[in-house]
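See below for the structure under consideration.
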Amino acid sequence: MNKQLRKAVIAGNWKMNKTPAEAKTLVEEMIPLTKDADCGVVVCVPYVDLCTVLDAVKGTNIEVGAENCHWEKSGAYTGEISADMLTSMGVKYVIIGHSERRTYFGDTDVTVQKRVRAALDAGLTVILCVGEYLEQREQGVTNELVAMQTKIALGGVSCEELSRVIIAYEPVWAIGTGKTATAEQANEVCAEIRRVLSSLYGSEAANGVTIQYGGSMNAKNAEELLDQPDVDGGLIGGASLKAEDFSIIVKAASR
Ligand code: PGA
């Protein structure tokens with residue numbers, strides 16, 4: 001029942017894939033396949049593709065996100081992009097704290113918190129990624145770890161701002177590996193995240209937050225994962241690069 005309070009959102013995370021010309025082709029394939037979606041449909045694309053994709057999706061139900069943003073508004077940060085730059089283009093979403101940013105580019109819980117702050121201040125909706133490494137799961141600290149990541153990232157975020165936060169639970173061992181978490185594992189951690197949100201913001205606000213699962217979600221396993229009571233959508237990497245597969249996942253979330 002609570003699930004009906006929330007909007008299902010399927011977001012593609014294209015990562016470092018697709019030139020602007022390729023991005024145009026892919027998103028144009030997606031438009032007719034996802035036009036009847038009864039869920040939010042978002043594509044998060046490389047910075048250099050934003051213009052092309054924003055233009056291509058005009059007048060459709062597909063919304064556009066970036067894959068990261070810097071926490072400062074402007075200044076001497078060579079190579080970085082601010083949240084205000086994104087909103088000024090018409091971008092609505094931004095992924096923050098993806099495990100690849102944490103693992104390869106030095107993002108920490110503290111910088112994730114700063115990016116979340118900047119993104120919310122600029123008017124963006126944040127897709128905040130949390131999740132454990134395999135060793136952490138094996139040590140039995142998944143729930144504590146994900147709770148800590150969530151709490152730190154949301155430090156200073158008001159209850160009103162929480163309506164512009166989506167949380168993506170992405171076990172790192174499941175990302176790009178073909179090893180999906182079982183539906184029960186995914187649901188257990190999504191439910192834990194909701195408990196944390198409830199302790200911070202109260203149950204009504206927590207029940208309204210979209211919590212996605214991400215990590216090798218694909219056209220075959222999406223339905224089972226999305227059927228779970230606390231899994232409200234998906235953050236899709238590999239399968240979001242194939243219009244047909246992505247649209248099957250969107251359909252599974254629209255049921
Ligand atoms: P994957 O990536 O679907 O390719 O596992 C998910 C993600 O990293 O967001």
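Ligands are counted one by one from 1 in listed order, and the atoms in each one are counted from 1 as well. Below, each value reflects all heavy atoms present in this structure, side chains not excepted, and no hydrogens, waters or symmetry copies.
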Practice task
Take Leu124 and Thr87, measure what side chain to side chain contact (heavy atoms under 4.5 Å, CB included) needs, and give me the verdict at the end.
Solution key: CA-CA 7 Å; Leu124 293 164; Thr87 32; 3.7 Å; yes
Exercise for the section: Kindly indicate, with the supporting measurements, whether the criterion salt bridge (charged side-chain N to carboxylate O under 4.0 Å, His left out) is fulfilled by Asp49 and Lys24. Expected result: CA-CA 8 Å; Asp49 295 338; Lys24 186 168 190 294; over 6 Å; no
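Between Asp232 and Arg194, at least one side-chain nitrogen of the basic residue sits less than 4.0 Å from a carboxylate oxygen of the acidic one, meeting the salt-bridge criterion. Taking 4.0 Å as the cut-off between side-chain N and carboxylate O, Lys15 and Glu67 do not count as a salt-bridged pair. Ionic pairing of Glu63 and Lys92 is not present here: no N-O contact between side-chain nitrogen and carboxylate oxygen is shorter than 4.0 angstrom. Contact check on Arg102 versus Asp109 returns a salt bridge, with a Lys/Arg side-chain nitrogen under 4.0 Å from an Asp/Glu carboxylate oxygen.
The single protein non-hydrogen atom nearest to atom 4 (O) of ligand 1 is Gly238 N, 2.8 Å, given as residue, atom name and distance. Summary of contacts: the protein heavy atom closest to atom 2 (O) of ligand 1 is Lys15 NZ, 3.3 Å. Among protein heavy atoms, the minimum distance from atom 9 (O) of ligand 1 is reached at Glu170 OE2, 2.7 Å.
Contact of the Leu154 side chain with the Leu162 side chain is registered, since non-hydrogen atoms from C-beta on lie closer than 4.5 Å. Looking only at side-chain heavy atoms (C-beta outward), Asn218 and Asp245 stay at 4.5 Å or farther from each other.
Of all atoms in ligand 1, listed by their number and element, those nearer than 4.0 Å to a heavy atom of Gly215 are 5 (O). Atoms of ligand 1 found under 4.0 Å from any heavy atom of Gly176 (numbered from 1 in listed order, with element): 1 (P), 4 (O), 5 (O). Counting the atoms of ligand 1 from 1 in the order shown, those under 4.0 Å from a heavy atom of Leu235 are 6 (C), 9 (O). For ligand 1, the atoms lying closer than 4.0 Å to a non-hydrogen atom of His98 are 7 (C), 8 (O), 9 (O).
The closest approach between Ala239 and ligand 1 stays at or above 4.0 Å for every heavy atom of the residue.
Nearest-heavy-atom check against atom 1 (P) of ligand 1 across Gly12, Ser216, Ser240 picks out Ser216. When Pro171, Gly237, Ala11 are ranked by how near their heavy atoms come to atom 3 (O) of ligand 1, first place goes to Gly237.
Proximity of Ala174 to ligand 1, defined as any heavy-atom pair under 4.0 Å, is confined to the backbone N, CA, C and O atoms. For Asn13, every heavy-atom contact with ligand 1 shorter than 4.0 Å involves the side chain, none the backbone.
Between Met217 and ligand 1, a contact under 3.5 Å exists for no N or O pair.
Using modelled atom types, one finds no donor on one side chain facing an acceptor on the other under 3.5 Å when comparing Gln113 with Trp71.
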